[in-house]
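Numbering of ligands and ligand atoms starts at 1, following listing order.
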Amino acid sequence: MPNRALFLNRVTHCLARLSRREELRFAVLFLDLDRFKVINDSLGHRVGDMLLRSVSGRLQDCLRPGDTVARLGGDEFTILLDDIGHDSDSVEVATRIRIAMERPFHFEGHEIVTSVSIGIAPSNSTYTRPEDLIRDADTAMYQVKSQGRAGHLLFDKTMHEHALRRLHLEADLRRALERREFLVYYQPTVSLATGRISGFEALVRWSRDGRMVFPDEFIPIAEETGLIEQIDTFVMAEACRQVRSWQSRWEGDRTLSLSVNVSGRQFRSHDVCPRIEGILHATGFAAGSLHLEITESVVMEDAARSRELLVALRGLGVRVAIDDFGTGYSSLNYLHEFDVDDLKVDRSFIDNMGKERDTVRIVETVIGLGHGLGMTVTAEGVETLEQLRKIRELGCEVAQGYLFSRPVDAAAAWELLEADPCW
Ligand code: C2E
Ligand code: MG
Ligand code: MG
């Protein structure tokens, strides 16, 4: 197959022709297989290679003889549609490709179903360098991925602006780490048996030029760029230090638990165990009081590997919770094999309890499921006394939500602890 150099060469020719005859149109498509890594990791590189070969075969079948398909590397392909009538023609080709790829592939007794994400950069007279067309098609492809994969999109300028903003955000995040602009906020968790604070969940905040930035705005990019590992490590270390110091100053007779969120990246990093051990050692925090929260979607992705990782984590003596339960797709088969202590029912369920009759039954069922598997159950996002009454009645052990307190800074959390309220 043509490689990147040959592909660029052909696009250069098209650009040269375009400069002589404005009415000529062509398009560059950027195509990426969805979840290729999973296929490669689970079925091996040999099957991965067969798949790539078959994909390129199907691609050729979708094109005309004058078009060019190149492999950029990995599971990335670029396509040059030469001399097309209208931009909609390139969309048509993209659709055809997607349909062709949806037919299952068969190798060595495995049936593989895959999908592709395609970005399209239509030619125009402002392009002078072939790389820019590939870049824009790539940007559009990226947009498809971030919207949930398996689709195609035409590039437009706002995507470029969006990509630039991301780039700046990434640079700012790096600087924020150096300048220590991240803060840890604390939201109490309440034991429903006693009605008192049982611990805190640490939630990261970014104080950016005097404005408070919430995790939803920067965690996804921190995940992508890998910066999340440093953020998570900082949050865990800082929160362990803080809660440990509260514990030693506090007159209360209970041991405080601390929940921290562990990103998918952190969960799967090869040195997650020694890193957590190091933090526990450095801060003197008791392993048994540390709860690691991993979201349901992260745990269920590559569930077999997750199972091993969970065993290793629990080997450190810490507790593990599945966060945002109900928002992902749990395989019940795996759920019962997972070494997990706590299930956190996503706040959308608690929120809907008063609005939709069936949601109460769903919450009841989830609590029963958790208990049946030997887990304790936490309700997230409790905002009203009515919700509190309901989840208490349903046998939930722990609750968290604005009813008790919003996430607050360390000073306010300490005040709350000293006030020792009871619900
Ligand atoms: P999460 O772990 O499920 O945390 C609970 C989120 O729900 C928090 O949002 C909290 O402020 C919010 N919340 C709590 N009670 C209520 C309530 O009663 N009503 C409503 N509407 N919301 C409530 P926050 O702090 O914006 O964090 C959002 C998410 O970002 C977290 O969801 C967690 O997944 C992630 N996150 C936060 N801090 C970290 C961190 O240090 N590392 C990683 N990897 N992720 C983090
Ligand atoms: Mg959480
Ligand atoms: Mg949650």
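Counting heavy atoms of neighbouring residues, nucleotides and ligands inside a 6.0 Å radius, atom CZ of R249 exceeds 12 of them. Other residues, nucleotides and ligands contribute at most 12 non-hydrogen atoms within 6.0 Å of the CD atom of E251. Dense packing is recorded around NZ of K145, with more than 12 heavy atoms of other residues, nucleotides or ligands lying under 6.0 Å away. The 12-atom threshold is exceeded at CZ of R254, counting heavy atoms of other residues, nucleotides or ligands nearer than 6.0 Å.
Interface atoms of ligand 1 facing D324, defined by a heavy-atom separation under 4.0 Å, are 3 (O). For ligand 1, the atoms lying closer than 4.0 Å to a non-hydrogen atom of V382 are 18 (O). Each of the atoms 44 (N) of ligand 1 lies under 4.0 Å from some heavy atom of I228. Shown in contact with E293 at under 4.0 Å from a heavy atom are these atoms of ligand 1, numbered in order with element: 2 (O). Per-residue contacts place S263 under 4.0 angstrom from the following atoms of ligand 1 (heavy atoms of the residue considered): 44 (N). The contact set between ligand 1 and E383, taken as ligand atoms under 4.0 Å from a residue heavy atom, comprises 17 (C), 18 (O), 19 (N), 20 (C), 21 (N).
Rounding to 10 degrees gives 90° for the angle at the Mg ion (ligand 2) between OE2 of E201 and OD1 of N261.
Distances from atom 43 (C) of ligand 1 to the heavy atoms of D232, V298, D216 put D232 nearest. Closest heavy-atom approach to atom 41 (O) of ligand 1 among the candidates V204, I219, D323: V204.
For residues 53-62, the set of pairs meeting the side chain to side chain donor-acceptor pair (under 3.5 Å) definition, not counting sequence neighbours, is empty. Applying the ring-ring contact (aromatic ring centres under 6.0 Å, His included) test to every pair with at least one member in residues 266-309, sequence neighbours left out, gives no pairs at all.
Here the heavy atom of the protein found nearest to atom 15 (N) of ligand 1 is Q187 NE2, 3.0 Å. Nearest protein heavy-atom neighbour of atom 7 (O) of ligand 1: R347 NH1, 2.9 Å. Here the protein heavy atom with the shortest distance to atom 11 (O) of ligand 1 is P407 CG, 3.2 Å. When only non-hydrogen protein atoms are considered, atom 18 (O) of ligand 1 lies nearest to Y402 N, 2.8 Å. When only non-hydrogen protein atoms are considered, atom 34 (O) of ligand 1 lies nearest to N261 OD1, 4.2 Å. If you check which protein heavy atom lies closest to atom 31 (C) of ligand 1, you get L203 CD2, 4.2 Å. For atom 30 (O) of ligand 1, the nearest non-hydrogen atom of the protein is P215 CB, 3.5 Å. For atom 5 (C) of ligand 1, the closest non-hydrogen atom of the protein is E380 OE2, 4.1 Å.
Among R205, R208, R211, the single residue meeting the salt bridge (charged side-chain N to carboxylate O under 4.0 Å, His left out) criterion with E217 is R211.
Remark: atom 13 (N) of ligand 1 lies closer than 4.0 Å to at least one protein heavy atom.
Using a 4.0 Å cut-off between heavy atoms, K344 makes no contact with ligand 1 at all.
Residue R205 places a heavy atom less than 4.0 Å from ligand 1. Under a 4.0 Å heavy-atom criterion, E201 is in contact with ligand 1.
With sequence neighbours excluded, no residue forms a ring-ring contact (aromatic ring centres under 6.0 Å, His included) with Y127.
Residues F218 and F182 bring their aromatic ring centres within 6.0 Å.
Ion pairing of R275 with D271 is present here, as a side-chain N (NZ or NE/NH1/NH2) and a carboxylate O approach within less than 4.0 Å. Between R307 and D339 there is no salt bridge, since none of the side-chain N atoms of the basic residue sits less than 4.0 Å from a carboxylate O of the acidic one. Under a 4.0 Å N-O distance rule, the pair D351/K355 qualifies as a salt bridge. Salt bridge present: E386 and R389 bring a charged side-chain N and a carboxylate O closer than 4.0 Å. A salt bridge links D420 to R196: one of the charged nitrogens lies within less than 4.0 Å of a carboxylate oxygen.
Checking only distances, V235 never comes within under 3.5 Å of ligand 1, N or O to N or O.
A cation-pi geometry, defined here as NZ or CZ lying under 6.0 Å from the six-membered ring centre and within 45° of its normal, does not hold between R10 and F7.
Between W414 and W246, the angle of the ring planes stays under 30°, which puts this pair in the parallel group of the 30/60° scheme.
If you count the protein N, O or S atoms nearer to the Mg ion (ligand 3) than 2.8 Å, you get 4.
If you check the side chains of S191 and T194, you find a donor sitting under 3.5 Å from an acceptor.
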